[in-house]
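Report on the structure given below.
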Amino acid sequence: MSTEPEDLLAIARRAVDMARRGEEVEAYVVRTRETDVEVFGGEVESLSVAGIEGVGIRIIADHRQGYAWAGSLDPEVIAETVGEARDNAGFGEPDEWYGLATPADVLVVDPPDLDLWNDSLSSVATDEKVRIALDLDAATRAADPRVRGVESAGYGDGMLESAIANSNGVASLSRRTVASAYAVAMAGDNSETQTGYGITAGRSVEDLDFGVVTRDAVERAVRLLGAKQAKGRRIPVVFDPLVTRSVLGVLSSALNGEAALKGRSLFLGREGEQVAAPFVRIVDDPTDPRALGASTHDSEGVPTRRNGLIVDGKLRGFLQNVYTGRRTGLGTSGSAVRGGFKSTPGVGVRAMRLEPGTKSPEELLAIFPEALFVQSVSGLHSGTNPISGDFSVGAEGLMVRGGAFAEPVREVTIASTLQRMLLDVVEVGSDLTFLPGSTAGVTLLINEMTMSGA
Amino acid sequence: MLDQDVLERTLQRALQHGGDFAEVFAEDRRTTSAVLDDAKVEEMVSGRDRGAGIRVVRGDTTGFAHTADLSENGLRSAAEAAASAAHGSAGTTNTVSLAPVEAARPHDVVVLPETVDKRRKVELLARADAAARAEGNSITSVTASYADSRRRILVANSDGLLTGDDQVRTRFMVQCVATGDTGMQTGFEAPGRTVGFELFDQFKPEDIAREAARRATVLLDAVPAPSGRIPVVLKRGAGGVLFHEACGHGLEADLVKKDASVFAGRVGQQVASPLVTLVDDGTYAREWGTYAIDDEGAPARRNLLIENGVLTDYMWDLVRARKEGRASSGNGRRETYQHLPMVRMTNTFLLQGESDPDDIIRDVDYGIYCVQLGGGQVNTATGDFVFGVTEAYLIEHGKITAPIRAAQLIGNGPEVLSMIDAVGNDFDTWAGTCGKSGQGVPVSSGQPTMRIREMTVGGTAA
């Protein structure tokens, strides 16, 4: 486990050296070390300390592509994986646009200077991590007499390193650390339960704000006590930053160049058109060190950059990887992403955000005489569709009247279409919040959605 | 996969600092998949994962570590890491002697996918693509994928258990996009079974593709879904997800014991309409959630959860069951050796009733008829759950009329279960992936055609 990160690049290069004449070979090598503590009822429920290693090999020959992966960095296994990828390439159909990143792709922009690795994490004792989770559990339980229990509290961190090398001479090494802690509070007596979630995240333990976790978890659970199904109607809706973050995640699928190329985006053919309210700006900026998804390079070894997606309400364009960039003639935007070493690079965001406005969340609440404040949504995967744009999700939160929270609401749905919602944005809050994942949170006010309920 | 004496020494090492229980879970998984998109086979992917997870339980605490190194040294390091995570103190010298147990197989796999030429797997994709596109010019995008996996597992624990399983699964998926004047709509169909290549004797790629294409095309004419509380009829197979979300998760003992389920403390009570008899059956031959043993070595079982509306029992894993002094119900599962097991469903379904499915629809004056659901989510502590419909129609004056656009339905578990007022005499199942605490496992759900007297439909129609 004491191997230096440079070794990963050496491992990747050794795999690439197995390329045969006429083959392009890419090796993606990953190593992570993770600690995960979960606490329940004042006791450590589980403590897991583990490392994961793996390799993914992509081979392109005669315009055909094959892929193979293995959860091991054993040289014999890697050699076997190269053989499997080679064999698999024979079964794909040819496509002239297949190819790996070239030095020309890499030279377009300089990689951002980012320090995403906080070595202090490696010196935090496991006992201290356990203590953090235990303290969060205790503090959450003690914060308010209406909190009946803590469904779970936990701490997790990871030290993640990855290397990419290919036979065109492109090579990159990325490393980053992440640490986070959370708690889920349960409020109410035996006749009713409401839950609330709080989270904090950063590059190491010193970045974490445990007070925020307890405050959010408790406040979110307690303020829902007594929640009832509201009567259905059309109503202005205010999204909590955690909700906006999730909605951006759905929207990101529609801004993906692969989806556009294959006719699977609601934005198909709409470049340059007004798709959102004129002040809406959406960017993906992995060069911003505040974003937990920040990265110097993408998953094909290409330097990342700030990409405007929707500017002044107009659709600027789609994100591209090497393949979609070649086929469209637009070039890669440094937006290749992978779901780990087990898959080929797709296209996606790493640090997407709605550019914040100037008004505070409190000011947003006061814009309409009545609105629904949505604290959390459910069923995002089953009720939203980035191709048709249909959007219908379960919601809980509070009614807002005269700028102040009124009665809590549960068991309602809110529905519209993604197309409509973008045009219906009234105001973006000033409270940009960086959270784990590839999208950032911010309070958002939508002019009108259909609330279904009683 | 591993020698018995190595396992015994590893378990002894795991308990060297004390502990009530230790376990080695080893896994060797090989997968093959192929994707066709944009009218061509994009790639074939093969993968291999092999390793072991070791846990040590001491009181309420579980220490866990995993390794991809299956040598005795690799296992020893993981055992020591798990032992120190469990924070033992008193060194006891436990002797572990293992007694191998052969688990009964729920069914035989006929054609191991690894014996099938990759060429034949790829051909299925082209057949699906052609069939989907033949459904009409409105089909503008077809994605087809094939996936098989073979997962060999071994479980050895300090109770002396030594057992294993060989799990083969095959799945085929087609997604179509149809484009019309109203924009784009999608259709999806994805049968999966715990079988080998014989999956395609039961499901032809052309049929799967046509179904996905039909679904997308139908939705082009869809009207906005209703908004509000109305009767909901779920076609056989489609609605199993409702039980998975409305009560399945709430009957998982880990959540129950944390007081994070609305069904906690309700065994013996009426929690659903008397028409509801619900089972979770890991032995159901060939189904997507079936296995011989769970990921803690307990044989799969058919567990009765709700009988005529009365809650009979929860689902259990080993750790939760030991604390209660009872046996596991065979529901301890994990995604891979890198994960800790927890209570999970297998194949969860509602037993048949007596109503004619046509009558169930005919008795509705205004409501919706759901043919396919797209998954759901539940907060077990509050009981509130949602599920999305991906193919549904209006019911007007007892007749199925216009298709409606995708929408979410929302309800509260115990309340919705009590409002089931008709259960049909037909039956079908549905394969999916269930996610819990970041782990995905294959499950199926099933039911006869059934009706909920009233449920909130989250559309946009006035």
Side-chain angles (χ1 to χ4, degrees), chain A residues 40-41 43-50 52-53 65-72 77 81 84 88 91-93 95 126 149 151-152 186 193-195 229 232 262-264 266 342-344 378-379 381-383 385 387-390 392-394 396 410-416 450 452-454, chain B residues 34 37-38 40-51 59-66 68 81 85 118-119 122 140-141 177 183-186 225 227-229 258-260 262 338 340 373-377 379 381-382 384 386-388 405-408 410-412 456-460:
Chain A
F40 175 72
E43 302 275 348
V44 177
E45 187 179 28
S46 66
L47 170 58
S48 150
V49 184
I52 296 172
E53 298 178 332
Q65 177 165 295
Y67 195 77
W69 58 265
S72 165
V77 174
T81 308
E84 271 289 313
N88 288 342
F91 297 95
E93 290 181 60
D95 182 331
T126 305
E151 188 175 322
S152 67
M186 291 193 293
T193 304
Q194 298 296 343
T195 57
Q229 193 173 40
K262 293 173 176 170
R264 289 196 292 267
L266 63 94
K342 298 183 181 178
S343 62
T344 50
S378 55
H381 296 288
S382 54
N385 186 328
I387 301 172
S388 68
D390 286 336
S392 170
V393 297
E396 57 186 19
R410 53 166 277 273
E411 206 191 332
V412 297
T413 61
I414 48 170
S416 179
T450 304
S452 298
Chain B
D37 200 351
D38 230 5
K40 66 171 190 301
V41 178
E42 287 198 328
E43 64 201 11
M44 176 149 255
V45 176
S46 44
R48 173 185 176 187
D49 234 345
R50 212 165 78 105
D60 287 330
T61 300
T62 296
F64 182 64
H66 58 79
K118 287 176 181 174
R119 188 78 51 199
V122 162
T140 49
S141 165
V177 177
M184 287 186 281
Q185 288 292 344
T186 59
S227 163
R229 292 179 76 107
K258 287 182 171 184
D259 191 27
V262 282
Q338 296 165 355
L340 269 170
L373 306 186
Q377 192 179 338
N379 180 339
T382 66
D384 285 350
V386 293
F387 60 84
R405 291 187 71 148
Q408 197 93 232
I410 191 163
N412 186 266
T456 302
V457 178
T460 56

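Fair warning: this is a prediction, and the values are worked out from it, not measured in the lab. First the proteins, then the strands, lettered A, B, ... as listed; each starts at 1.
Proximity to chain A (any heavy atom under 4.5 Å) is shown, for B/N412, by both the backbone and the side chain. With a 4.5 Å cut-off on non-hydrogen atoms, A/S416 touches chain B through its backbone but not through its side chain. For a residue to count as touching a neighbouring chain, one of its non-hydrogen atoms must lie under 4.5 Å from one of that chain's; by this rule B/Q377 touches chain A with the side chain only. Both the backbone and the side chain of B/D49 have a heavy atom closer than 4.5 Å to some heavy atom of chain A. Using a 4.5 Å cut-off between heavy atoms, B/V386 touches chain A through its side chain atoms alone. Only the side chain of A/F40 comes within less than 4.5 Å of a heavy atom of chain B; its backbone N, CA, C and O stay farther away. Proximity to chain B is absent for every atom of A/I414, based on heavy atoms less than 4.5 angstrom apart. At a 4.5 Å heavy-atom cutoff, the contact between B/V45 and chain A is made by backbone and side-chain atoms alike. Looking at B/D60, both its backbone and its side chain come within 4.5 Å of chain A, counting heavy atoms on both sides. Neither the backbone nor the side chain of B/V262 comes within contact range of chain A; no heavy atom of the residue lies under 4.5 Å from a heavy atom of that chain. In this structure, the portions of A/S378 lying under 4.5 Å from any heavy atom of chain B include both its backbone and its side chain.
B/K258 and A/E43 are not joined by a salt bridge, as no carboxylate oxygen comes within less than 4.0 angstrom of a charged side-chain nitrogen.
Contact tally against chain A (heavy-atom pairs below 4.5 Å) for B/N379, B/V457, B/D259: the top residue is B/D259. With chain A as partner, the option from B/Q185, B/K118, B/R50, B/R405 having the largest number of non-hydrogen pairs under 4.5 angstrom is B/K118. Looking only at heavy-atom pairs under 4.5 Å with chain A, the residue among B/A65, B/A406, B/A68 that has the most is B/A406. The choice from A/K342, A/Q194, A/Q229 that makes the most heavy-atom pairs within less than 4.5 Å of chain B is A/Q229. For the set A/A415, A/G383, A/G66, A/G379, the count of heavy-atom pairs under 4.5 angstrom toward chain B peaks at A/G379. In terms of non-hydrogen atom pairs under 4.5 Å with chain B, the most contact-rich of A/L266, A/D95, A/N88, A/T413 is A/N88.
Residues A/E151 and A/T195 meet the side-chain proximity criterion, which asks for heavy atoms closer than 4.5 Å. The closest side-chain heavy-atom distance from A/I52 to B/Q338 is below 4.5 Å. Between B/T61 and A/E45 the shortest side-chain heavy-atom distance does not fall below 4.5 Å. Proximity of B/Q408 to A/S382: side-chain heavy atoms (C-beta onward) are separated by under 4.5 Å at one or more points.
Listed by chain and residue number, A/E258, B/D37, B/E42 satisfy the salt bridge (Lys or Arg N to Asp or Glu O under 4.0 Å) test with A/K262 (two or more places apart in sequence, or in another chain).
Listed here is the closest heavy atom pair of B/G459 and B/S227: O-CB, 3.5 Å. Heavy atoms only, all atoms of each residue included: A/T193 and B/A381 are closest at CB-O, 3.4 Å. Residues A/A50 and B/H66 share a closest heavy-atom pair of CB-NE2, 2.8 Å. Here the closest heavy-atom approach between residue A/V412 and residue B/I410 is recorded as O-CD1, 3.3 Å.
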**Message:** Walk me through whether A/N385 and B/T186 qualify under side chain to side chain donor-acceptor pair (under 3.5 Å).
**Reply:** CA-CA 9 Å; A/N385 186 328; B/T186 59; 3.0 Å; yes
